[in-house]
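Taking it in order: structure first as structure tokens, then the write-up.
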Amino acid sequence: MSEEKSLNFIEEIVENDLNSGKYETLVTRFPPEPNGYLHIGHAKAICLNFGLTQKYGGYTNLRFDDTNPVTEKTEYVNSQQEDIRWLGFNWKNELYASDYFDELYGFAVKLIEKGLAYVDESSADEIAALKGTPTEPGQDSPYRNRSIEENLAIFTKMKNGEFPDGAYILRAKIDMASPNMLMRDPIIYRIKHAGHHRTGNKWCIYPMYDFAHGQSDSIEHITHSICTLEYVSHRELYDWFIEKLEIFPSKQYEFARLNLTSTVMSKRKLLQLVNENLVNGWDDPRMPTISGLRRRGFTPKSIREFCERIGIAKRENLIELSLLEFCIREDLNKTANRVMAVLDPIKLVITNYEKGTEDLIGENNPEAENGGGTRVIPFSNELWIEREDFMEVPAKKWFRLAPGAMVRLKFAYIVKCEDFVKDENGNVTEIRCTYIPESKSGSDTSGINVKGTIHWVSAQHAKTAEIRLYDRLFTSETPDAEEGDFKDYLNPESLTVLPQAYIEPALADANLESRYQFIRKGYFCLDKDSTADNLVFNRTVTLKDTFKKPN
RNA sequence: UGUCCGAUAGUAUAAGGGUAGUACAACGGUUUUUGGUACCGUUUGUCUUGGUUCGAAUCCAGGUCGGACAACCA
């Protein structure tokens, strides 16, 4: 179908199945368990499943895999839906494994009637003891040969709530000596007297993952059930149930999950960060969750592009965070308006500027397709500039301000540093410059060329804002692989708050959808914590910086 | 001492018996009123040993290394 771009192995399978006429319509599903927030790893699976049906036709279902009532919540259902929509995908049907509880119960009865399932009253420990190990076969349970009638009778009582949790379980009767541990009479139903987020108290027995997932796929006529590599050994069981139940033969395919440097991706660990207040909630901008990335300022497009670039394969991988950063910079470079903000201010006074104030014109975004337009920027003789743009003793190849040096003020004039003021502690408190009147941006007749251009904000016109700078969450690229607790490798400098930065007046009407490039400082967006008097900006990502800082 | 999955530049991903390519990263250069962008260039690779073949990253066999599997989790 597409000749230019090579296909990943799943696309090849799909194309073959479609071309051979094995299936007329491609049907995939995204099946999260509603027990946490979706993260960038889920985004990979979402882009794969929805991307496949966008490319080849057919449709994708959203199915919540809600077979364990004690971990699942409606809050998570809602957040997961929001995140998928935000990424730009639409599901055909919103479904729940719990929709199939009646049908699944029927499947279990059918298996019992075929002599392929039995009720076991062994304890969890007893079952584990007879399970064997990966290198030794297991042994049959003493209850394995109960009659079909007795199995049926007890299973009915299990369903009717006549037993406490753990008293009985239903097992598939397969092979206790199988080299695949999952085939050693896996548990398929357990008793749990727990309220379910959708079915309430209707049920007190719940199917296990292996007895719900494949059957749910089959009920929905999913043609390609795509999951991650850790389910490879489940495939044999997946196929076994479908064969014995004689239902629609969905097929499972596995790809390697995403791993990203300097973060963790397991739900357990993310939940820990949230519960122990090591981050500020699931949508903390340092989190690899979709909601965290959204709040950080990532765009859906950048995440889709990232998922496209990392590819789909079967080998374990560890993607460098720099690729994600590349994807968001690439998008924002084209779309974000350029504005000026001074994060760490120092005063600059222009001693020969007599005009008081003046309105200058700034280009919003020279990289935008439509040119970006312009805006008014007020200028005056007292400005804030970035402290790091002045060096009392300039380093080699220093393009910025230093005694006697000239720089251009972006969109404005060229200035020359004549003097500077220090306080009693030796800290520079003010820089004094003269400006070149004929060097005005756009009508420069001075003939002077300077190497450096710096950003600034007029002191009397500036607004203030709180700025939050983010860095990687962990100091280790592989916090999962380090010895000890992964939390020992949290980066203490992952969040830096600048309570009072100066921003140009045009920024006062920023909204939560706006994306900005603060010239020379990075890409920023408004945070939801903002109020009318206290604007808060998040730094999404810095600009690429090839300047090697002196000292 | 098992079964299954995998192995191509630093990181990913192509090449499906016939020139090892692409992206990110790194490094260098040109342009630039952002040390940004854009453009150009450089460095770095087929786990290993055999076999089949005129020819192997690709097919076969052995080895090595990495991962998964013993939750009434998904």
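All chains are named by letter (A, B, ...) in the order of the sequence lines, taking the proteins before the strands, and each is independently numbered beginning at 1.
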Distance, C1' atom - from B:C24 to B:G63, rounded to whole angstrom:
34 Å
Rounded to the Å, how far apart are A:R309 CZ and B:U11 C1'?
14 Å
B:U64 versus B:A56 - spacing of their P atoms, nearest Å
25 Å
A:F547-B:G35 aromatic stacking (under 5.5 Å, under 30°)
yes
Less than 4.0 angstrom from a charged side-chain N to a carboxylate O is my criterion; do A:R472 and A:E325 meet it?
yes
Atom CG of A:N180 and atom C1' of B:A68 are separated, to the nearest Å, by 11 Å
State plainly whether the residues A:K267 and A:E33 are in salt-bridge range, i.e. N to O under 4.0 Å.
no
Under 3.5 Å, which protein N or O atoms sit close to an N or O of nucleotides 37-40 of chain B? Give each pair with its distance.
from	atom 1	to	atom 2	distance (Å)
B:U37	O2'	A:N333	ND2	3.2
B:U37	O2'	A:E367	OE1	3.1

Look at all strands and tell whether A:G442 reaches a base, only sugar-phosphate, or nothing, counting heavy atoms closer than 4.0 Å.
base
Base, sugar-phosphate alone, or nothing: which one does A:H234 contact when heavy atoms must sit under 4.0 Å apart?
base
Interatomic distance where NE2 belongs to A:H213 and P belongs to B:C73 [whole Å]:
17 Å
Have a look at A:N317 and say if it touches a base, only the backbone sugar-phosphate, or nothing, with a 4.0 Å heavy-atom cut-off.
sugar-phosphate
Just the rounded figure in Å: distance from C1' of B:A71 to CG of A:D125.
12 Å
With sugar-phosphate meaning primed atoms plus P, OP1 and OP2, does A:S266 contact a base, only sugar-phosphate, or nothing at under 4.0 Å between heavy atoms?
nothing
Between the base of B:G10 and the side chain of A:E320, is there a donor-acceptor distance below 3.5 Å?
yes
Contact class for A:A313 vs. all strands (heavy atom < 4.0 Å): base, sugar-phosphate, or nothing?
sugar-phosphate
Could you tell me whether the side chain of A:R400 has a donor or acceptor atom within less than 3.5 Å of a complementary atom in the base of B:G35?
yes
A:V232 has a side chain; which of B:G2, B:C72, B:C4 sits nearest to it?
B:C4
Under 4.0 angstrom, heavy atoms only, what part of the nucleic acid is A:S441 near: base, sugar-phosphate, or nothing?
base
Kindly compute the distance separating CG (A:L324) from OG1 (A:T261), expressed to the nearest 0.5 Å.
9.0 Å
Across the strands shown, which category fits A:Y231 at heavy-atom distances under 4.0 angstrom: base, sugar-phosphate, nothing?
base
Establish, with yes or no, whether the OP1 or OP2 oxygen of B:A74 is under 4.0 angstrom from a side-chain nitrogen or oxygen of A:T71.
no
So what does A:I169 touch, heavy atoms closer than 4.0 Å: a base, only the sugar-phosphate, or nothing?
base
Which nucleotide wins on minimum distance to the side chain of A:R520, given the candidates B:A74, B:G35, B:A12?
B:G35
For residues A:F379 and A:Y413, establish whether the separation of their ring centroids is below 6.0 Å.
yes
Which nucleotide wins on minimum distance to the side chain of A:S6, given the candidates B:U13, B:A70, B:A14?
B:A14
Is the distance between the ring centroids of A:Y238 and A:H213 under 6.0 Å?
no
Using a 4.0 Å heavy-atom cut-off across all strands, classify A:S178 as base, sugar-phosphate, or nothing.
nothing
Name the nucleic acid region contacted by A:I310, choosing base, sugar-phosphate or nothing; use a 4.0 angstrom heavy-atom cut-off, strictly under.
sugar-phosphate
Specify the separation, in whole Å, of atom CD of A:E11 and atom C1' of B:A14.
13 Å
Identify the stems formed by RNA chain B, where each pair is Watson-Crick or G-U wobble with both distances under 3.5 angstrom and a stem is at least 3 consecutive pairs.
B:2-7 with B:64-69, B:10-13 with B:21-24, B:26-30 with B:38-42, B:47-51 with B:59-63
Give A:I519 one of three labels, base, sugar-phosphate or nothing, depending on what nucleic acid heavy atoms sit under 4.0 Å from its own.
base
Does a distance-only test, which skips hydrogens and angles, find a donor-acceptor pair under 3.5 Å between the side chain of A:T453 and the base of B:U34?
no
Distance-only donor-acceptor test (3.5 Å): side chain A:E136, base B:U1:
no
Nearest-angstrom distance from the residue atom OH of A:Y96 to C1' of B:A74:
17 Å
A:L323 side-chain proximity, nearest of B:G35, B:U34, B:C24:
B:C24
Touch check for A:F411, heavy atoms < 4.0 angstrom, all strands: base, sugar-phosphate only, or nothing?
base
Output yes when A:R408 and A:D444 qualify as a salt bridge under the 4.0 Å nitrogen-oxygen rule, no when they do not.
yes
Presence of salt bridge, A:K521 and A:E388, under 4.0 angstrom:
yes
Side chain A:S218, main chain A:G214, donor-acceptor under 3.5 Å
no
Which nucleotide in the list B:U34, B:C72, B:A14 gets nearest to the side chain of A:I187?
B:C72
Could you tell me how far B:U19 sits from B:U58 if I compare only their P atoms? Round to whole Å.
14 Å
Under 4.0 Å, counting only non-hydrogen atoms across every strand here, what does A:L409 touch: a base, just sugar-phosphate, or nothing?
nothing
Please give, in whole Å, the distance from B:A71 C1' to A:K192 NZ?
10 Å
Candidate nucleotides B:A74, B:U8, B:G35, ranked by approach to the side chain of A:R315 - the nearest:
B:U8
Quick note, A:P179 side chain, CB onward, closest among B:A74, B:U34, B:U3 is B:U3
Pairwise C1' distance, B:G18 and B:G36 [rounded to whole Å]:
45 Å
Matching residue for A:C327 among A:R304, A:E308, A:E305 - test: side-chain contact (heavy atoms from CB on, under 4.5 Å)
A:E305
Rounding to an integer number of Å, can you tell me how far A:R257 CZ sits from B:G67 P?
15 Å
When rounded to the nearest Å, what value does the distance between P atoms of B:A26 and B:A71 take?
44 Å
Touch check for A:F399, heavy atoms < 4.0 angstrom, all strands: base, sugar-phosphate only, or nothing?
base
Within the modelled atom types, does a donor on one side and an acceptor on the other bring the side chain of A:R408 and the base of B:U33 under 3.5 Å apart?
yes
